[in-house]
Amino acid sequence: MRSPEGIRASRAVLAVLLMGVTAAASRPQMRRPEGLPQSAHAEVDGLALTPPMGWYPWNMFGEEPQNETLIKEIADALVASGMKDAGYAYVGPDEGVCFSRGEDGKLTTNLDRYPSGLRGLGDYVHRKGLKYALYTDAGAKTCSGAMPGTKDSEFEDMKAFADWRADYIKIDWCNSQGQDIVQTYALLGKAQRAAGRPVVHSLCSWGEGYPWIWAGAIGHMWRTTADICGPGKADWARALRIAFANEQLAGFAGPGRWNDPDMMIVGMPGLSEAQNRSLFSLWCMMASPLMAGNDLRDMSRSTVDILTNLEAVAVDQDPLGAQGRVVWNDGNVSLWAGKPLFDGSQAVLVLYQGKYRADKKIYWEELGLQASDELYVRNLWTHETTGPHAGSVSVAVGPDDVAFLRLSKKSDLPIPPVLVADTYLVTLRSKVARPETLTGKVTVTNKGSSDLPPWRVDPESLPPWLEVAVAGSGKAQTFVNTVSTAGLKKGAYHALVRADNVEPISGRPMSALYYDVDLEVVRNVRR
Ligand code: GLA
């Protein structure tokens, strides 16, 4: 067995190779493995039809100090900072010593670090209206060697993750020597389905095995490159190399299947405000998952403003799910386009990597638009709209900074749905032997511009003791969960409710919304 350092070093070499040559090297091998479904897996579970947003500890903290207190404090900070209201939802531990495998082969929580148990932490996260993310590895052990990997225990482990109520599972590729990558991740996908709890499946092979070719049939997102930084050490040059490597894979992304250039470094020590703004804009332009990686308990105003800029988030969360790409690059200045948005507008980015100041004239024809188009230009950072401009617009950009724009024939620029729930967990308890009717509510608010059609819940998907009605309309809708205890035996009951909706401007399906209903029946109940 190689040491973790050895493994990390060889992965770093692989990463450099991948970053330089990813797309070019992969082209001759772009054959899709046989036996995988043709359609995106997200079509089945409706998850991640826009890129997942949330927070993961690795970039800032590494393995230490990952524990329940940290995750709870971060969940609290997600709410208090306004990030939850901007759409960030997935949160939980990355690699740290979260669980071990008992003699019976089953995973058990490390209670020293997670005294409420991984399920208890999941409940805490869900009660805050956030989604629970967990981490494991497809090999024999996780990267540090400190936790068991899922190899040969795929079904048991995915069942444990479902019992812990994970909504998102990042699955690393360390210590996987000799394993077939496609078969391994496909087996894990199968194990997740067998466990009965739909999860965002985040594959983490750092580009190994060319996951962009096949992983959309299995999961929802895949890392395209090596780690963006070592824990606590933001590295701007490396982040840019990753952005440009990820850019080459634009054609593979779309709703429910995302290229993942890694968690963000926005707000980590060592980056300037311009670099933070640029990184965030690049990730939004590439429709990347927006997993923050900084310490949310200690953020400057500027970091919060960047991470919660809804006009930028709107580009990332656009329902069409196009990944923008470089259409022009002179080595210092790059022009990014190819990102049509749901209302007929376009996102455009100019990144300047030089030392002084770039003046870039953007011609509509460079963007694939008509020279004769008269377009309003919205600056997504200064929040100013100018125009209409005919044929071109000029922008000035400082060092390591961007101009992030939205071009439209209309001056009105809607924000796509950004959903915020008051809770994702309804807990009900019946203590009496006579039949009771209990209700618990979940309210979901759209922070985007449009009123939404009513959410739909398939009554056939619910257990006989539960009914769900949707009350209210437009921006805020409430799921009223009504439980009838008549005839129920003493015990614990659980339902995972799925709701679906359609984004009204594009007519595209929105990501399915899931929440848990727990019912405890303390005594047998008469009919
Ligand atoms: C890999 C992943 C990282 C992190 C570490 C944990 O390096 O790419 O994001 O999860 O493992 O060891």
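Every number for a ligand or one of its atoms is a count from 1 in the order of the listing. Keep in mind that what you see is a predicted model, and the values were worked out from it rather than measured. All values below come from the heavy atoms of this structure, side chains included, with hydrogens, waters and symmetry mates left out. For the single chain, residues carry numbers from 1 onward in sequence order.
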M263 and ligand 1 - part of the residue with a heavy-atom distance under 4.0 Å: side chain
Those atoms of ligand 1 less than 4.0 Å from some heavy atom in W206: 1 (C), 2 (C), 8 (O)
Per-atom contacts of ligand 1 with D94, taking only distances under 4.0 Å to non-hydrogen atoms: 4 (C), 6 (C), 10 (O)
S144 touching ligand 1 at heavy-atom level, < 4.0 angstrom: no
Atoms of ligand 1, numbered as shown, that sit under 4.0 Å from any heavy atom of E95: 6 (C), 12 (O)
Parallel, tilted or perpendicular, as decided by the 30° and 60° cut-offs, for the rings of Y56 and Y168: perpendicular
Sub-4.0 Å atoms of ligand 1 with respect to non-hydrogen atoms of R223: 2 (C), 8 (O), 9 (O)
Heavy-atom nearest option to atom 2 (C) of ligand 1, drawn from D262, D172, D260: D172
For ligand 1, the portion of Y56 having any non-hydrogen atom under 4.0 Å away: neither
Part of C174 with heavy atoms under 4.0 Å of ligand 1, whether side chain, backbone, both or neither: neither
Expected output: side-chain D137 to main-chain C174 donor-acceptor under 3.5 Å: yes
Contacting atoms of ligand 1, where contact means under 4.0 angstrom from a heavy atom of C204: 2 (C), 8 (O)
Ring centre gap for F252 and Y210 strictly below 6.0 Å: no
Geometric class of the F61/W55 ring pair [parallel <30°, tilted 30-60°, perpendicular >60°]: perpendicular
For W336, ring-ring contact (aromatic ring centres under 6.0 Å, His included) partners two or more places apart: F244
Lys/Arg-Asp/Glu bridge criterion (N-O < 4.0 Å) met for R325, E247: no
Whether Y132 and H126 hold their rings parallel, tilted or perpendicular, with breakpoints at 30° and 60°: perpendicular
By ring-ring contact (aromatic ring centres under 6.0 Å, His included) - contacts of Y135 (at least two apart): none
Atoms of ligand 1 close to K170 [distance to a heavy atom under 4.0 angstrom, numbered from 1]: 3 (C), 4 (C), 9 (O), 10 (O)
